[in-house]
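Take a look at the structure below.
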Amino acid sequence: MLYTNTLYEISTNINTGVEYEIALFYQLVSANEQQQILTAINKRADKNKILGIIKQTNITPIVVALSKRGLKLSDATFETQNDKVGPSDVVMLVSDGKKKFKIGISVKYANTCTLNVTGRRFITDAQIAELKKQLPIYTKKYIDEMTATYGNVGNWFRLRRPSETTDAFIDLIRDAVIDNWSNVGDKPTLLSAMFHSDSPIEFWVVTYMSSGYKLSTEPQTIEVRRANDVKVAKYQTSYVAFYLDNKKVGQMQVKFNNGFIEKCKKKTPDIVYEGVKMAYGQPFSSWNFSVEE
DNA sequence: GTTCCGATGGGGACTATGCC
DNA sequence: GGCATAGTCCCCATCGGAAC
């Protein structure tokens, strides 16, 4: 079913990953609607990419998964950016022969992150202030390390080079998270958001890869009423993992949003190094949360 | 020895809100 | 209004070990 703005959304939305949502949606609707959607797709600069994804999208696994539960697909809606349906980007209308109901699909491409969460949910303003105080020092260390390892700034700026300085700073943040975990209030609400237990409708996850996609009909979740039993610990270099009954149930990558040092959009750069204007990074604003597969 | 591929952690862009 | 920071969507380059 097309909402009044669906075709407009399809021809104009440029969010990253929307191509996959459009392609899957196309495959889930009637031939008549497919024609209209095709016209909308043709207005896009990336239309060829989307047509390619449509070709590689076979919905048989979805239909089979529905049929295993005695369900038939009857329609679908395009829900990109619609928080009212939870994490779903496309919603299937399905029928069990008597009644119809909705099952959503969250569409992803080659990544497992289910939510970006701000660090303020985990650490206090005082902890953040303390860490921020140290950021300029670590930024200088970062520049020194990168320069010593890779040479001119042009060789390393924004080129995804791992760094010991990043690891060290992230570690300070992880220490803060772990120190503060017992003080975090309303864990049920927090965990519920992280695991999408608060989704108003059931949802599946379709993760596209270089070829085809993987369908998960039972996204991992936890019993939210047990949120206060969840424990945290460091995991690998940059993660904080969440454990329930000693079983790892999820992990959160503590990370800078757009890099340790940002491209400078500010009028007055925090740093100018070898002529490149830079701003301090944002280490608290966009941590990656993934559920354990 | 080279290619493949999954894990890891580094990144982009946009919107909302705050502040002068 | 204009600039800055914070928050929320999201993706993928790199690397090292497995597969060939």
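On a predicted model such as this, the values are computed, not experimentally measured, just so you know. Computed from heavy atoms alone, side chains included, the values below leave out hydrogens, waters and symmetry copies. Chain naming here is simple, since letters A, B, ... match the order of the sequence lines and numbering starts at 1 in each.
- Of the residues in residues 253-261 of chain A, those lying under 4.0 Å from DNA chain C by heavy-atom distance are A/N257.
- A/Y208 and A/Q56 share no side-chain donor-acceptor pair at under 3.5 Å.
- Rounding to whole angstrom units, CZ of residue A/F284 and C1' of C/dT8 are separated by 18 Å.
- Here the side chains of A/V272 and A/V276 are not in contact, with every heavy-atom distance at 4.5 Å or above.
- Between A/S30 and A/N32, the side chains place no donor N or O within less than 3.5 Å of an acceptor N or O (distance only, hydrogens not considered).
- Taking the six-membered ring where tryptophan is involved, the planes of A/F25 and A/F78 are tilted, since the angle between them lies from 30° to 60°.
- Nucleotide B/dG9 holds its P atom 13 Å from the NZ atom of A/K234, rounded to whole Å.
- The side chain of A/N288 lies closest to B/dG10 when the candidates are B/dG10, C/dA4, C/dC9.
- Using the six-membered ring where Trp is involved, A/Y109 and A/Y20 have ring planes that are parallel, under 30° apart on the 30 and 60° scheme.
- Counting only N and O atoms by type, the side chains of A/N183 and A/N180 include a donor and acceptor under 3.5 Å apart.
- In this structure, CH2 of A/W287 is placed 21 Å from C1' of C/dC11, rounded to the nearest angstrom.
- The nearest heavy atom of DNA chain C to A/K267 and to A/V107 marks one nucleotide each, and the one closer to the 5' end goes with A/K267.
- Comparing B/dA13, C/dC12, B/dG9 by their closest approach to the side chain of A/N111 singles out C/dC12.
- For the residue pair A/Y138/A/T166, the side-chain donor-acceptor check at 3.5 Å is not satisfied.
- Without hydrogens or angle criteria, A/H196 side chain to A/T114 main chain gives a donor-acceptor distance under 3.5 Å.
- A donor-acceptor pair shorter than 3.5 Å can be found between the side chains of A/T165 and A/E145.
- For the 3.5 Å distance criterion, the side chains of A/S286 and A/N116 qualify, holding a donor opposite an acceptor.
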Acceptor/donor pairs from residues 65-72 of chain A side chains to any protein atom, 3.5 angstrom cut, sequence neighbours excluded:
residue : atom : partner : partner atom : Å
A/R69   : NH1  : A/E202  : OE2          : 3.1
A/R69   : NH2  : A/E202  : OE1          : 2.9
A/R69   : NH2  : A/E202  : OE2          : 3.1

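- Residue A/K266 contributes atom NZ, which lies 8 Å from atom C1' of C/dT5 at whole-angstrom precision.
- Interface residues of residues 113-135 of chain A facing DNA chain C, ordered by number: A/N116, A/T118, A/R120, A/K132; criterion, heavy-atom separation under 4.0 Å.
- The interatomic distance linking A/K263 (NZ) with C/dT5 (C1') rounds to 17 Å, in whole Å.
- Using cut-offs of 30° and 60° for the angle between ring planes, the A/Y142 and A/W156 rings count as perpendicular.
- With distances taken from any side-chain atom of A/S286 to the nucleotides C/dT8, C/dG7, C/dA4, the minimum falls on C/dT8.
- In this structure, a donor-acceptor pair under 3.5 Å is absent between the side chains of A/T39 and A/N42.
- In this view, A/K265 satisfies the side-chain hydrogen bond (donor to acceptor under 3.5 Å, both in side chains) rule with no residue, not counting sequence neighbours.
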Pull out every protein N or O sitting under 3.5 Å from an N or O of nucleotides 13-15 of chain C, one pair per line with the distance.
residue : atom : partner : partner atom : Å
C/dA13  : O4'  : A/R160  : NE           : 3.3

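- Distance CE (A/M252) to P (C/dG7): 14 Å, rounded to an integer number of Å.
- For the segment residues 163-180 of chain A, the set of residues with a heavy atom within less than 4.0 Å of an atom of DNA chain C is empty.
- Counting any heavy atom pair closer than 4.0 Å across all strands shown, A/D270 reaches no nucleic acid atom.
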